[in-house]
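The figures that follow rest on heavy atoms only: side chains count, while hydrogens, waters and symmetry mates do not. The structure presented is a predicted model; accordingly, all values stated were derived computationally and were not measured.
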Amino acid sequence: MRRPKKPCPITEAGIRFVDYKDDRLLARFITDYGKILPSRLSGVDARHQRQLSKAVKKARFLALLPYVKGQTG
Amino acid sequence: MATLKTRMAPTRPYEIVYIIDSALEDAAIAEKLEKHHGLLELAEPAEIEHWGRRQLAYKIGRHEAGYYAIAKVQAAPGTLPEFERALKLDESIVRYMVSLVERVLGAPALSEEEMAARAMADDDDDEDDE
């Protein structure tokens, strides 16, 4: 049985192109360890997932998001 | 030909994010940005958004916090190498990133309530499938 498709949360937020500076948005799409959440779990559509992936990587470089979470030092 | 070159140099929109040593005074930061932007030979002054001091997600060298500033500029690509060289030599600039603005980013800004409402709606959103 296939589940009905989840609506894409980024499309629903009215976002055309994901902004790497919006750390509050990006933080919703990373796991507790800081990994990027698979779209299978988040329901993000493919186009936005590609943008998200780049945005998270830029945000990490700018120290807006951690590379690894839950680690000291 | 130099004059022709500078007059004709086509510009492109760039967004520059700076992380500056948070120990610096606000005035010194503004002055520093202006000095560096001078190297870009901008026709119009840069549009600067100051986020101010915030905690870094991880330590960068000895820094645990940084002053974030985002500048939007229309610059000729040819001016960038010299500009970036100056940024790298400047020790009070903890990190910077120059990116080409190809598209309008983000969405019409969400209000606090909308964010909260969305966060609530998303709570039951993980760990299904399989």
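- Contact annotation for B:Leu56: both backbone and side-chain heavy atoms come within less than 4.5 Å of a heavy atom of chain A.
- Only the backbone of B:Tyr96 comes within less than 4.5 Å of a heavy atom of chain A; no side-chain atom from C-beta onward does.
- A salt bridge links B:Arg54 with A:Asp23; the closest basic N to acidic carboxylate O contact falls under 4.0 Å.
- The shortest heavy-atom contact between B:His36 and B:Phe83 is O-CD1, 3.4 Å.
- How far CD of B:Glu25 is from CD1 of B:Ile29: 8.5 Å, rounded to the nearest 0.5 Å.
- Proximity to chain B is absent for every atom of A:Lys69, based on heavy atoms less than 4.5 angstrom apart.
- Ring to ring, B:His37 and B:Tyr18 are close: their centroids are under 6.0 angstrom apart.
- Comparing A:Leu65, A:Ile10, A:Leu62 by how many heavy-atom pairs each has under 4.5 Å with chain B, the most go to A:Leu62.
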